[in-house]
Amino acid sequence: MTQPSEPIAELIDISKQFGTTQALRGVDLALYPGEIHALVGENGAGKSTLVKLLGGIHRPDTGIIRINGTETELHSPAQSQHLGIAVIHQEPTLFPDLNVAENVFMGRHPRDRFGRVDWKQMYQEVERLLASLDVHLSVYAPVRGLPVADQQLVEIAKALSLDARILIMDEPTAALSPHEVEKLFTITKQLRQRGVAILFVSHRLEEIAELADKLTIMRDGVRVITAPASELTSEEIIRHMVGRELTSLFPKGEAQIGEIVLEVRHLTRKGVFRDVSFQLRHGEILGFSGLVGAGRTEVARVLFGIDRADEGEILIDNQPVRISSPKAAMRHGLAYVPEDRRQQGLVMDFTIAANMTLPIVRQVSKIGGVDRQREHSIATNYSQQLRIRSTGIQQLVKALSGGNQQKVVLAKWLITNPSILILDEPTRGIDIGAKAEVHRIISELAAKGLAIILISSELPEVLAMSDRVLVMHEGHVTGIFERDEADQERVMFAATGQTNREK
Amino acid sequence: MIKERAKALVNSWDAFLVVLLLLAIVYGSFRSPYFLTAFNFSALTRDLMEKAIMALPMTLIIIAGEIDLSVASVLGLTSVLLGVLWNAGIPLWLCIVIALLVGAIAGLLNGLLVTRLGLPSLVVTLGTLALYRGLAYVIIGDQAVSSFPADFTSFGFGSVPGTLIPWPFVVFVILALLFLALLHRSWVGRQIYAIGNNQEAARFAGIHVARIKLLLFVLSGLLAALAGIVFTSRFASARPDNALGFELDVVTIVLLGGVNIFGGRGTLIGVILSLFIIGALRNALGLTNISGDIQNIVVGILLIFSVLGPNVVQRIREALARRQMVAGGSPKKV
Amino acid sequence: GGGSTGGSSSGGNNSGGTGGGQPLNITFLPKAINNPYFDSAASGGKSAAGELKGTFKQVGPSSASASEQVTWITNLTQQHVSAIVVSANDPNALAPALKQAMSQGVKVVSYDSDVAPDARQVFVNQANAEDIGRTEVQILGKQINYTGQIAILSAASTATNQNTWIKYMQDELSKPQYKGMSLVKTVYGNDDDQTSFNDTLSLLQAYPNLKGIISPTTVGIAAAARAIESVNKGGKVALTGLGTPNQMRKYVKDGTVQQFALWDPGKLGYLAYYAAAALVQGKITGKEGDSFDAGTLGKKTIGANGAILLGPPTIFSKDNIDQFNF
Amino acid sequence: MTTTSKGLEKAPIPPRSSQSRLVGSVSRIRELGLFIVLILIVAIVSIQVPRFLSPSNIEQILLSIAILAIVAVGETLVVLTRNVDLSVGSMVGLTAFFVANLFKQQPGTNLVLAILLGCAVGLVLGAINGLIVTVGRVPAIIVTLGTLYVYRGLDFVIAGGSQVSASDVPDSFLNLATARIGLFGVGVPALIIFAAAIALIFAYLLHSTRSGRQLYAIGSNPEAARLVGIRSDLLVFGTFMLSGLLCGFAGVLWGARFATVDATAATGLELQVVAAVVVGGVNIFGGSGTIIGAMLGAIVLGTIDDALNLLKLSQFWLQAIDGAAILVAVTLDSFITRWLQRTLVVRRQR
Ligand SMILES: Nc1ncnc2c1ncn2[C@@H]1O[C@H](COP(=O)(O)OP(=O)(O)OP(=O)(O)O)[C@@H](O)[C@H]1O
Ligand SMILES: Nc1ncnc2c1ncn2[C@@H]1O[C@H](COP(=O)(O)OP(=O)(O)OP(=O)(O)O)[C@@H](O)[C@H]1O
Ligand SMILES: [Mg+2]
Ligand SMILES: [Mg+2]
């Protein structure tokens, strides 16, 4: 790789403070045309803050931003866009009421010669764009109700449509299936070829290895190191990120597998999934694998009483049960960590403590009302256990970084002391240190006899953590594999629906 | 802990409202020699009680992210019902029970339409605003009942013996304490805030969102009926147009109290303060014969400035901070 | 209980009444302020105040509401005005507050629309209710040759005076000479222009053969006239009722309306002020047979139930309307 | 300035399926549901009263909602951006009195000038709302609830107890409301044409201009709107100005139609307008809905009122049935919409 002479974007000695949190401290970063620059770091390291500075959303307290060699103040997203910077933010920022095409072209609708919005051209453009991403998504579909993954794809399409000289992607792959990730990478590489400068934030080291030319590692708002990606090994990256050696990413321990606790027979929800049957035992981790949209979340929602099944039976401890609401599910010992933490997991205006105790707020109440002392001690306890990085349990969760927010959701459900725990993408958007911790916690829970369903789109995670792996494809179960027979190839085979010979 | 809370209070909306209330009282006593009298406070308070009673559940409903515009119509409907039943020779206590029941049913209908059919509460209660008021007209036609027994009417117009404390105020105080406990101490209150903030997350946390909302609407209907009884008693008159348009006043009181119209934020203390701010102001203006329209202008401006003022101060402070030291606070607006 | 309450309150009057020389601090409390009819009455009250060297004030709700009137009554009571002159939105709802006022020595006169008799000392009655009701039907009958469908456009369905007039109208209609006329519907415009206007249009739509409308309210008759005109039914549908000459001038001149009636509200206010002043000065107590000097209106005597009658209403038509300006 | 994805590898345009298009027309399905409700009402009532469908009655229905419809257009714009304008009734009342009083005080005033002045007054009032909302960062519902009181109060202050009567204004002014304009050989009341023209113009602008589309974006996700560089404040300010402007024009027409104007004119109009808008399927929380829907909403409500009248119900029943009808209409509409969605769009296409 030849080093271009001039950086197209340059951040020099940038600092940024939120209230008492020092999010960035004297950070330098330079982006070069035709170079993919990866940005990694633990949750709350300041990656998204950096991205938002370039996107014109936040302004630095001190420091200089240079675009094309001229010092610039990025004071609005519009201006940033105007300078050729396209940003895919960590959380989708879409218009749920509008359709896919309008989301892509909002504010930049193609116009005909009378200045009217040219709808036909817009739809064609977006269809072409999606086709180039190999995404099968109706351009007329309203974004509301699209799974997170599809929303992420719309975000990507939006950024690509800008035809920018600087493309910034904040964890674009967190919600994507391997196939879509691959497609995105192909396009990213094409863009690199054409001289676009790319900043890429991710927690997945294998992606970085595949994609990145250069790597910047951040910790606690400080840049630790910038180096050509080829010069750092995974172990070194992790050490720089976490500041210590990480023993194991997938610490799957031995657990005593016990009685059947949950049995699902021929569960069907019309139009979503059909004839799903499986058993789950105490101490067992059952992985749910499949491509995005395979219907795993839908099964979990039915199990947790959010949606109704049309047919089929659910047995808990060999007793048929009717789960009509999440409350009922909780009574049966179920807990569900949803995949979309912002929408489903957290009350943003609540404190960490209030979020954690929300499902059990009734239990921590006395005659006089909510027992604040008990609440405080419970929350403090779990906050420490999960190593949540905050100013205290009275901090509002909206001020936490994505990863720490996810830990709060996890804590919230562990507090209910469930016997069956459903985890839907529990490590999505979580940094590698936290991820290892979550994995460790999962293992420990299983060792304590908890039955766990682990829904994950990350194949290595499912394979490493599960005792058995259930694979779904378009609403059908296409395979259930024992730990020793589950390998990447077999699971992918089933996930893409190519015969179910392993049944 | 305590220090923290005290600090939070000083910065809070409620503190602002306390200051506002004090200002209103000072203003009133300057405006009119009749303002700072026990008799006047008694009259001022009595005048507010129907709205005050309705404002309690309205606060909870708005915090839960919904709204009930039908309260004044429920008041009218139950008032008329009370009159018609009483005229038909039914014992008064039974009339009252039936009126309360009908109020609760009216609230239940609102709640069912909102929770079961998923219709926006604004639309539903806009419909029942007309429906319930219309039913009042259907029931009583061009009649009006005023032949209530003296015992009953003296409840609305009388005071606790030996004092100037109006009976309805006693009712309100008891209710207010109950609601304060419910919203700010109990788990139900916590769940109400959660629903208002993020309904889906609340559902995923095992909260019976629909059930709680239903409860709130029933409560609102029930208390509107109670307000109807107080109203009927105070004016000794059951008419279909009783309390016409009160819903707007109740909503105004709740909003001035700092409750976020989009749900999730606000306190009952604020609402109670705002109730008395508006009451004291109107009374002070009224004592100097300033007409209702001008009073409305004052209330309108107060409503706007109560939010605008702090915003402007905040922005000026931020701008100054940014200019003075480069490492200022977050420019992100709330 | 009514009689005894009345007795005790008049006893209060006697003990408090110190005869002439009392300052005249008299406040009018109409059904709603900013209403031209009551504004005319207020100007009458004002001129009376000028003659008697008293003060005149008018306060009240901006839309006709009994509960707001009660608030004003308590306000005025605390200011210790010498008299309240009130037109009641509800005869009973105002009673407790007015009684309280009387018990504190405030004199109460009702005008235009009465309150419960024990809650005031005198009622200044603009016109005999029976006369009004019957006259309206007579005027309309003549205009439509005593045949065809007619309707009534009233104010609020609970307005006491309206309902009394309507009762007499119905009674008059039951007489044999009106057998060719039928009252098809009574609608209520709530003294709101838009509602009254739309109500009239609805009547015309629902009853295409409608021959006449009686609207015994000043807001209603003006809105009805405009509505009839707007669908070009002027002259085809007869309209009469109670209205002010200023509002109706255009419609009388262009033939939409031939005749309508009203007393002079200015005189009503004038008389009400004089009655209140007489009470304050202890010249009268409100008993039947008491009499007092009412300025340009001469000597007035209190009749049964404490009522003072203003006199017969004026009937306005093309020929005389330009002589009036109110 | 149209940006394209020209740089990317040219991929063939995938074939369009009609099914996927239907998914996109959810917004159209909303109006379809309401339309069916309307047809149902018309069908049921015209069996009872054949006169219901006569041209004169249809004209009467449209006339009865024309002014409301003009105000509802402005309200729709505001509501789409996740705001609300509760001060419309007061703005209409204030301008109505202002313009009528202008004729009373200065009898010779030019009609066009008066109309323009009325619109200007509305524009100023709307701009005040808009300024406080956008610059002052006060929620619209608080601002306009406040100005609902303030503008009405001003109206009272200006009017005192006075009233403008038909004889105080020139006939040319009154003719605004009664005139007919020849259209396809039929005389159509000018009021209806005004309302229809305004509705069509704004429907077009909303559908076919970038700013129009951006209103939806703002209402759908204000934060995201900021992120894609939409000048939200300017646009929101604009919608309040337009709402004020349309109220100003509606106020002029109000004066012309009712002829008698005092300080209470158009009191409570805001609730009717909001009812029409939300029954018309405009999401009260912004982001979705159309002008056509709002117009349908107004027509449905007007039709219900008219039907009840023709069925000769006692007036005491009117309000109750009116309220029930709103509930039935929105309930039916929600069922029909859901049913249509389910049958037409069995499953989202992937
Ligand atoms: N708007 C804000 N207000 C207050 N604090 C904030 C805000 N945004 C970010 N922070 C804080 O700044 C720090 C950096 O957050 P940032 O979102 O940049 O982390 P990140 O590296 O992107 O983490 P993740 O991997 O979890 O996305 C965190 O401590 C976070 O809590
Ligand atoms: N709100 C919705 N409305 C319509 N269809 C939906 C909705 N949510 C999901 N679907 C569809 O239901 C099917 C199952 O989706 P689901 O989210 O359960 O998949 P998943 O296997 O959990 O994938 P992911 O990895 O994205 O969580 C998909 O076809 C998806 O498109
Ligand atoms: Mg981040
Ligand atoms: Mg999923």
Side-chain angles (χ1 to χ4, degrees), chain C residues 30 32-43 58 60 62-64 153-154 157 184-189 191-199 201-208 218-219 221-223 225-227 229-232 243-254 256 321, chain D residues 49 51-52 54 56-57 59-61 63-65 67-68 92-93 96 152-153 155-157 159-169 171 174-175 177-178 189 191 254 256-269 272 302 305-306 308-316 318-319:
Chain C
I33 52 169
N34 308 315
N35 174 318
Y37 170 82
F38 285 112
D39 250 40
S40 297
S43 63
Q58 172 158 293
S62 39
S63 66
L153 169 63
S154 176
S157 63
V184 289
K185 197 164 181 180
T186 302
V187 294
Y188 301 91
D191 269 354
D192 174 78
D193 289 309
Q194 188 202 5
T195 315
S196 308
F197 182 93
N198 288 341
D199 279 350
L201 288 184
S202 298
L203 281 175
L204 299 177
Q205 274 294 325
Y207 302 94
T218 58
V219 176
I221 191 172
R226 173 68 179 151
E229 198 182 58
S230 78
V231 290
N232 296 320
T244 69
N246 282 352
Q247 276 180 325
M248 299 305 291
R249 202 176 316 275
K250 174 178 192 300
Y251 307 113
V252 169
K253 291 195 170 165
D254 69 17
T256 310
I321 194 161
Chain D
V49 192
R51 202 151 43 83
F52 188 58
S54 68
S56 89
N57 195 51
E59 180 184 307
Q60 152 97 44
I61 294 174
L63 264 176
S64 74
I65 57 154
I67 294 180
L68 181 126
V92 170
R152 178 66 64 188
D155 198 358
F156 277 114
V157 170
S162 74
Q163 187 179 47
V164 182
S165 318
S167 56
D168 301 328
V169 293
D171 282 342
L174 297 181
N175 284 344
T178 46
L191 268 183
W254 186 285
R257 178 157 165 84
F258 299 116
T260 313
V261 187
D262 60 21
T264 61
T267 304
L269 184 72
Q272 292 175 43
D305 276 353
D306 184 78
L308 295 178
N309 170 52
L310 286 192
L311 294 172
K312 296 186 182 166
L313 277 144
S314 148
Q315 211 193 4
F316 294 122
L318 280 191
Q319 201 178 8

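Values below: every heavy atom of this structure, side chains too, minus hydrogens, waters and symmetry copies.
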Point to revise | Residue pair D:R51 / C:A206: nearest heavy atoms and the distance that separates them | key: NH2-O, 3.4 Å
Review point. Looking at C:S196, C:A42, C:P208, C:S157, which one has more heavy-atom pairs under 4.5 Å with chain D than the rest?
Key: C:P208
Point to revise | C:Y251, part contacting chain D, at a heavy-atom distance under 4.5 Å | key: side chain
Practice item. Ignoring hydrogens and angles, state whether a donor on the side chain of D:Q315 or C:D199 is under 3.5 Å from an acceptor on the partner side chain. Key: yes
**Study point:** Among D:N309, D:L310, D:L318, side-chain contact (heavy atoms from CB on, under 4.5 Å) partner for C:S202
**Key:** D:N309
Review point. What residues, two or more places apart in sequence or in another chain, satisfy side chain to side chain donor-acceptor pair (under 3.5 Å) together with D:D306?
Key: D:N57
Study note, to complete from the structure: Most heavy-atom pairs under 4.5 Å with chain D, out of C:E229, C:R249, C:Q194, C:M248, belong to C:Q194
Check your understanding: So which part of D:D171 gets closer than 4.5 Å to some heavy atom of chain C, the side chain, the backbone, both or neither?
Key -> side chain
Check your understanding: Out of curiosity, D:L63 CG to C:S230 OG, how far, rounded to the nearest 0.5 Å?
Key -> 7.5 Å
Review point. With only heavy atoms counted, which part of D:I67 is less than 4.5 Å from chain C, the side chain, the backbone, both or neither?
Key: neither
Check your understanding: Between atom CG of C:D191 and atom OG1 of D:T264, what is the distance when rounded to the nearest 0.5 Å?
Key -> 9.5 Å
Revision key, fill the gap. Comparing C:S40, C:A222, C:P36 against chain D, the one with the most heavy-atom pairs below 4.5 Å turns out to be C:P36
Exercise for review: Given side-chain contact (heavy atoms from CB on, under 4.5 Å), test D:D262 with C:D193 step by step and report yes or no.
Suggested key: CA-CA 9 Å; D:D262 60 21; C:D193 289 309; 3.9 Å; yes
**Study point:** Structural part of C:F197 lying under 4.5 Å from a heavy atom of chain D
**Key:** side chain
Review point. How many angstroms lie between NZ in D:K312 and CG in C:L203, if you round to the nearest 0.5 Å?
Key: 10.5 Å
Point to revise | Polar side-chain atom of D:R257 near backbone of C:R226 as donor-acceptor pair, under 3.5 Å | key: no
Exercise for review: Below 4.5 Å from any heavy atom of chain C, which atoms of D:S56 appear? Answer side chain, backbone, both or neither.
Suggested key: both
Review point. Does any heavy atom of chain C fall under 4.5 Å from the side chain of D:L311, the backbone, both, or neither of them?
Key: neither
Review point. Any side-chain heavy atom of D:T260 sitting closer than 4.5 Å to one from C:Q247?
Key: yes
Practice item. Measure distances from D:A159 to the heavy atoms of chain C and classify the residue's part below 4.5 Å as side chain, backbone, both or neither. Key: neither
Exercise for review: Looking only at non-hydrogen atoms, find the nearest pair between D:S167 and C:N246 and report the distance.
Suggested key: OG-O, 3.4 Å
Revision key, fill the gap. If one checks every heavy atom of C:S62 against chain D at 4.5 Å, the contacting part turns out to be both
Study note, to complete from the structure: With chain D, the option among C:V219, C:D192, C:D39 that has the most non-hydrogen atom pairs under 4.5 Å is C:D39
Exercise for review: Flag the one option from D:L174, D:D168, D:V49 with the top tally of heavy-atom pairs under 4.5 Å to chain C.
Suggested key: D:L174
